[in-house]
Structures are given as C-alpha cells and as structure tokens.
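Each remark here refers to the structure printed beneath this line.
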There are 2 protein chains.
Amino acid sequence: MDINDIEHFLRLHSIRPSHHRIRVYQYLVENRNHPSVDIIYQELIRDIPTLSKTTLYNTLELFLEKGVAILITIDENERRYDADTSFHGHFRCNTCGQIFDIRLHTVPRELESMEGFEINESHIYFKGLCPKCLERGNS
Amino acid sequence: MDINDIEHFLRLHSIRPSHHRIRVYQYLVENRNHPSVDIIYQELIRDIPTLSKTTLYNTLELFLEKGVAILITIDENERRYDADTSFHGHFRCNTCGQIFDIRLHTVPRELESMEGFEINESHIYFKGLCPKCLERGNS
DNA sequence: TTATTTAATTGTAACCATTACATACTTGTA
DNA sequence: TACAAGTATGTAATGGTTACAATTAAATAA
C-alpha cells in the first residue's frame, strides 16, 4: 500500500492524513504483528525522531473511533492494535508472546440469549502454546 | 456454598484453604459480577480490615494457576475474575460497564488453521450496549 | 503443648502503560 | 500573509499491578 493510497484511505474515513498518521497506519498495514504502542514507537522513532508517545496514543485512539483499526486485549498488560478490521480470531502463545491470526469459519451468532443487546464488537481469543514453543519445550 | 464446602473444594485443587483464600473464593462464587480486584477489595475490607491488596493479587493469581477461576480481559483497564470456569462468553456494555455472561451454543472449533497449536484457553467477548442503556439512550 | 519449619500475609515502594493538559507547531483557507 | 482550526509535543499525573523485605499464621514433629 503506497503513501497515496493510504492518504486516500484515511480521507475516506474522515481522518486527516497528517504525516504521522500516515506513517502509523502504514506501519499497521505492513506489519501484521498486532503491535503494542511501544513496538510501534520503537520502530517509528528511528525514522521520526520527534515522534511522541502521546501522539501515538491519540492517533491510535482516532483509528479505533473511525473504525480503521481494532483494539486487541488478548494481552493482560498492554493494548495491541490490528489494521485488519474484518472478523477474525487471535491466538496468543503464552511462552513467546506472539499473536497469530485465526481464520474463523463459524461466526458466533449467540443471539438467542442476547435479545435486546446491541453488539458492536466481537472478539475471539485463544491462548496456549504455538508450534515452535511446543517443539522447543518437548526437546 | 458453605465454608466447609469451599475449604474442601480448595483442598481438592491443592490450594491451602487459609481464611483469606476462603473469603475470596466465597466472594467469587456468591457474586457472579466478574469483579475487579478493587471491587473485591472494597467489599472484603469491610469484614477483614487487615486485608491487603497484595494478598488479593497473590490469591487470585493462585486461583488462576490452579484453575478454579478464570481471568477476563474484556475491560481494557483492569482485570476481572470469574469463578465459573466452564466455557461461556462475555458481553460488556460500553456505557454502564457491566459484564454479562453469554451462554454459547456453538463452541468454536477452529482447528483447521490451528494444527500444531496447543489451546489452553478460549475466550469470546462481545461489546456494545446492554438493554437498559439502549433504552435509556433512546428515550 | 511447645518448638521449629514452612507458608501466607502485610505494607511500602517501584514499575509501567496510559491519560491529562498546557504549549508549540502545522496546515488549510481566505 | 494572516488567521483559525487542527495536530503534535513534553511533562507530569494517574492508577493498576508487581517486587520485596519484614511480619504473622499455620503445619508438623518432638
């Protein structure tokens, strides 16, 4: 996704495409690693030495509001973000901490017990051990 | 659930039933409100004036390890606990903050894309507006 | 029961992600 | 160019959680 596309995309979602916002969104799109604020910060600060963490928090909060990113709370300690807003699940390895996307076949429609509720977000989280860490632990 | 039953239950899960542990577990069982640490603390401190928050954190961490409670991370700001360890979903109202249990019919078995993973926990979270807040907002 | 060992609890301080807020800077528009 | 509105910055505060050393309680054996 090139800069112009990102600019256009952000505008489409009524987000003014400032330099920083473009860079943050670009990072999210190109790195599907469900990064924490600190990971994004450490990565971008190398190119944008004046970047502040408050700006990151503001920008990410704006992305959530405008619906171009989602918040993942699978980690108890810090928030993680994902530019893939389509419905999918996540798996976190309890050893290495990595977060994997899980393609979901059966979209949960538990509407029976949820009449009268307005559902805006659905999240499915799995936790356990990823193949690499499993292998490492067995050897 | 009376004190002796709780004591026995904790022992069964290799948890030494100290006074505080019994009280904490009793609170969790009798109050299915998915409390935060602070809520439990405010409630128990009235009866146990010497209770410390560190003890609460230690106790709840032990409960998680031993599998007699689960951690709910549906709230971005604080951890919540549930003595109901059977598989069920949760709904959080974005207005009043209340957390509801959701009975799930279709247990997610997304095993296709998850071969090689060891799954220890599954969580399903919904967020939106509860009936009461919806009604209040419309009037 | 008493002595002894081990485990549980406490209180304080530290930690760290997140937020508040006032200031400074950019950008868009006339 | 000048103005207004929107963005970004840095510092300090907030608040949930953790580390740790000291104290207290519980379990076991003599």
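So that the names make sense, note that chain A is the first sequence line, chain B the second, and so on, each numbered from 1. As the structure is a computational prediction, the values presented were derived from the model and not from experiment.
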Taking all non-hydrogen atoms of both residues, which atom of [X] and which atom of [Y] are closest, and how far apart?
| X | Y | answer |
| --- | --- | --- |
| A:L129 | A:C93 | CA-SG, 4.0 Å |
| A:L64 | A:L71 | CD2-N, 3.6 Å |
| B:I45 | B:L51 | CD1-O, 3.6 Å |

Taking C-beta and beyond as the side chain, do A:N120 and B:N94 meet within less than 4.5 Å on heavy atoms?
yes
Any side-chain heavy atom of A:Y81 within less than 4.5 Å of one from A:I72?
no
Quick one: [X] [atom1] to [N] [atom2], roughly how many Å, whole number?
| X | N | atom1 | atom2 | answer |
| --- | --- | --- | --- | --- |
| A:E7 | C:dG28 | CD | C1' | 14 Å |
| A:L56 | C:dC16 | CG | P | 19 Å |
| B:L10 | C:dA7 | CG | C1' | 16 Å |
| A:I39 | C:dA17 | CD1 | C1' | 13 Å |
| B:I48 | D:dT24 | CD1 | P | 18 Å |
| A:E65 | D:dG6 | CD | P | 14 Å |
| A:Y41 | D:dA8 | OH | P | 15 Å |
| A:E78 | C:dC15 | CD | P | 18 Å |

Counting only side-chain nitrogens and oxygens, does A:S52 get under 4.0 Å of the OP1 or OP2 atom of D:dA8?
no
Please tell me if A:Y57 has a side-chain N or O lying less than 4.0 Å from either OP1 or OP2 of C:dT18.
yes
Does anything in residues 51-76 of chain A form a side-chain hydrogen bond (donor to acceptor under 3.5 Å, both in side chains)? List the pairs, not counting sequence neighbours.
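side-chain hydrogen bond (donor to acceptor under 3.5 Å, both in side chains) check on residues 51-76 of chain A returns A:D38-A:K53, A:E76-A:R92, A:E76-A:K127.
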Restricting to pairs with a member in residues 13-25 of chain B, which pass side-chain hydrogen bond (donor to acceptor under 3.5 Å, both in side chains), not counting sequence neighbours?
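Residue pairs with at least one partner in residues 13-25 of chain B: B:R23-B:D47.
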Base, sugar-phosphate alone, or nothing: which one does A:S36 contact when heavy atoms must sit under 4.0 Å apart?
nothing
Look at all strands and tell whether B:N77 reaches a base, only sugar-phosphate, or nothing, counting heavy atoms closer than 4.0 Å.
sugar-phosphate
Tabulate atom names and distances for all N/O pairs under 3.5 angstrom spanning the protein and nucleotides 19-22 of chain D.
residue: D:dA19; atom: N6; partner: B:T54; partner atom: OG1; Å: 3.3

Decide side-chain contact (heavy atoms from CB on, under 4.5 Å) for A:E7 and A:N4; before the verdict, give the C-alpha distance in whole Å, the side-chain angles of both, and the deciding distance to 0.1 Å.
CA-CA 5 Å; A:E7 211 175 311; A:N4 286 328; 4.2 Å; yes
B:P131: side chain to side chain contact (heavy atoms under 4.5 Å, CB included) partners, not counting sequence neighbours
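B:P131 satisfies side chain to side chain contact (heavy atoms under 4.5 Å, CB included) with A:F117 only.
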Evaluate the ring planes of B:H34 and B:H90, with Trp represented by its six-membered ring, and classify them as parallel (under 30°), tilted (30 to 60°) or perpendicular (over 60°).
perpendicular
First of B:D38 and A:K53 reached from the 5' end of DNA chain D, by closest nucleotide
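The residue mapped nearer the 5' terminus is A:K53.
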Judged by each residue's nearest nucleotide on DNA chain C, which is more toward the 5′ side, B:T55 or B:E76?
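Of the two residues, B:T55 wins.
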Taking only heavy atoms on the protein side, list every residue of residues 13-30 of chain A lying under 4.0 Å from any atom of DNA chain C, sorted numerically.
A:H19
Yes or no on side-chain contact (heavy atoms from CB on, under 4.5 Å) for A:F100 and A:C130, after CA distance, side-chain angles and deciding distance?
CA-CA 9 Å; A:F100 301 80; A:C130 75; 3.6 Å; yes
How large an angle, rounded to 10°, do the end axes of the helix from C:dT1-D:dA30 to C:dA30-D:dT1 enclose when each is built from five base pairs?
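Helix axis angle between the two ends: 20°.
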Of C:dT10, D:dT17, C:dT19, the nucleotide closest to the side chain of A:R79 is C:dT19
Pair B:D101, B:F91 - check side-chain contact (heavy atoms from CB on, under 4.5 Å), show working.
CA-CA 6 Å; B:D101 284 321; B:F91 176 96; over 6 Å; no
